[in-house]
Amino acid sequence: MSKRLFTMGNAAGTGTGRQTVDFLSKFTASEQFDRVFKEGMGLVEETANYLDGPGRADSKALDRSGAIAYATESMRLTTRLMQLASWLLLQRAIASGELGSEEARKEKNRISLSDIGRGNNIPGADQLPEGLNELVERSLRLLERIKTLDLMIQRQQQQAPVTADNPVASQLDQLARAFGTR
């Protein structure tokens, strides 16, 4: 997936009409979004299973400092994953037309991707079980990918729409609407 917006001019390249390709629509309809969505939701489920199962046993073996670190890091992890899952579900709802632009904007304002990264080091963090550390690292990698996607979507939304004033762009736009990609 390219990290830039694409524009299309007329076939000869001499016209001034350009049309921005809707990244969000294309991306949310792609296999790549499906993979990111499944990865995010799978990580939520995997984390819940770990924290309710092996994680409980792992945490009982920790001293007081380690137990506090475990509780803190598991809370950070679950908060991060809930924000990521909310973002993924929001993008899916927008793409499917379940939310109008005003509703989507309100929902987007409830999601914070900036405050859910790696927190400050805490005493006892060196005792954290490998299973928890692995889930934390995977969630942080997913967070970075989603932040990149979110930035791409924001940049596109901030660009003023350009009118398609040439016949090729107009035909492409009509085809896109006919096939439901716009």
Side-chain angles (χ1 to χ4, degrees), residues 1-7 19-53 55-56 59 68-122 125 128-129 131-162 176-177 180-182:
M1 175 179 70
S2 176
K3 290 187 177 183
R4 62 180 96 112
L5 296 174
F6 296 98
T7 57
Q19 179 178 1
T20 302
V21 173
D22 184 358
F23 172 76
L24 180 60
S25 294
K26 299 287 184 199
F27 178 66
T28 54
S30 72
E31 286 182 35
Q32 187 170 13
F33 178 77
D34 196 42
R35 284 193 303 269
V36 172
F37 187 88
K38 286 178 182 174
E39 178 184 349
M41 294 306 168
L43 191 55
V44 168
E45 185 176 344
E46 189 178 340
T47 298
N49 290 335
Y50 172 79
L51 293 175
D52 285 342
R56 271 184 212 241
S59 69
I68 291 171
Y70 181 92
T72 301
E73 199 59 54
S74 63
M75 184 64 87
R76 288 175 180 168
L77 174 61
T78 54
T79 300
R80 182 179 310 118
L81 289 174
M82 290 304 103
Q83 290 294 308
L84 295 176
S86 295
W87 186 90
L88 290 164
L89 289 166
L90 177 62
Q91 301 317 312
R92 182 182 263 184
I94 292 169
S96 69
E98 293 176 32
L99 292 177
S101 60
E102 183 61 26
E103 292 171 300
R105 187 185 59 72
K106 286 179 184 177
E107 291 301 318
K108 173 76 173 114
N109 289 336
R110 294 180 184 164
I111 299 171
S112 174
L113 298 177
S114 60
D115 299 331
I116 59 173
R118 188 179 304 277
N120 294 331
N121 261 348
I122 50 178
L128 293 176
L132 181 63
N133 283 329
E134 180 187 328
L135 291 167
V136 166
E137 291 305 316
R138 288 173 52 203
S139 73
L140 289 169
R141 286 191 302 270
L142 182 62
L143 170 62
E144 289 309 310
R145 288 172 45 210
I146 287 178
K147 284 170 79 172
T148 299
L149 295 169
D150 191 60
L151 183 60
M152 292 168 65
I153 292 167
Q154 285 178 25
R155 284 181 181 159
Q156 180 185 7
Q157 290 170 343
Q158 290 170 355
Q159 284 189 339
V162 180
R177 281 196 306 267
T181 59
R182 267 216 191 109

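All values reported here derive from a predicted model rather than from experimental measurement.
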Kindly indicate, with the supporting measurements, whether the criterion salt bridge (Lys or Arg N to Asp or Glu O under 4.0 Å) is fulfilled by Glu144 and Arg141.
CA-CA 5 Å; Glu144 289 309 310; Arg141 286 191 302 270; over 6 Å; no
With sequence neighbours excluded, residues passing salt bridge (Lys or Arg N to Asp or Glu O under 4.0 Å) with Lys106:
none
Nearest heavy-atom pair of Gly40 and Leu88: which atoms, and what distance?
CA-CD1, 4.0 Å
Contact summary for Phe37 and Leu89, nearest pair of heavy atoms:
CZ-CD2, 3.7 Å
Which residues pass the side chain to side chain contact (heavy atoms under 4.5 Å, CB included) test with Glu103, sequence neighbours left out?
Leu99
Taking salt bridge (Lys or Arg N to Asp or Glu O under 4.0 Å) as the test, write out the residues that go with Glu107, two or more places apart.
Arg110
Atom pair CD1/CG of Ile111 and Leu90 - distance to nearest 0.5 Å
4.5 Å
Quick check on Met82: does its CE atom have over 12 non-hydrogen neighbours (other residues, nucleotides or ligands) under 6.0 Å away?
yes
Counting heavy atoms not belonging to Glu31, are there more than 12 under 6.0 Å from its CD?
no
Just by distance, with hydrogens left out, do Glu137 and Asn133 show a side-chain donor and acceptor under 3.5 Å apart?
no
Side chain of Gln83, backbone of Ser112: donor and acceptor closer than 3.5 Å?
yes
Would you sort out whether Ile68 and Ile122 count as a side chain to side chain contact (heavy atoms under 4.5 Å, CB included), showing the intermediate values?
CA-CA 9 Å; Ile68 291 171; Ile122 50 178; 6.0 Å; no
For Arg92, all residues meeting side chain to side chain donor-acceptor pair (under 3.5 Å), sequence neighbours excluded
none
Side-chain donor/acceptor of Tyr70 to backbone N/O of Leu132, under 3.5 Å:
no
Verdict with reasoning, Asp150 to Lys108, per side chain to side chain contact (heavy atoms under 4.5 Å, CB included)
CA-CA 10 Å; Asp150 191 60; Lys108 173 76 173 114; 3.0 Å; yes
Using side chain to side chain contact (heavy atoms under 4.5 Å, CB included) as the criterion, list what pairs up with Glu134, not counting sequence neighbours.
Arg138
By the definition side chain to side chain contact (heavy atoms under 4.5 Å, CB included), identify the one residue from Thr79, Val44, Leu77, Thr78 that meets it with Ser139.
Leu77
Let me see the working for Gln91 and Val36 under side chain to side chain contact (heavy atoms under 4.5 Å, CB included), right down to the final yes or no.
CA-CA 12 Å; Gln91 301 317 312; Val36 172; over 6 Å; no
Which atom of Ala69 lies closest to which atom of Ala125, heavy atoms considered:
CB-N, 3.7 Å
Going by the rule side chain to side chain donor-acceptor pair (under 3.5 Å), which residues pair with Asn120 if we only count those two or more places apart in sequence or in a different chain?
none
Quick one: CZ on Arg118 to CG on Leu140, what's the gap to the nearest 0.5 Å?
5.0 Å
Which pair of non-hydrogen atoms, one from Arg80 and one from Leu143, has the smallest distance, and what is that distance?
CD-CD2, 4.3 Å
Yes or no on side chain to side chain contact (heavy atoms under 4.5 Å, CB included) for Ile116 and Leu81, after CA distance, side-chain angles and deciding distance?
CA-CA 9 Å; Ile116 59 173; Leu81 289 174; over 6 Å; no
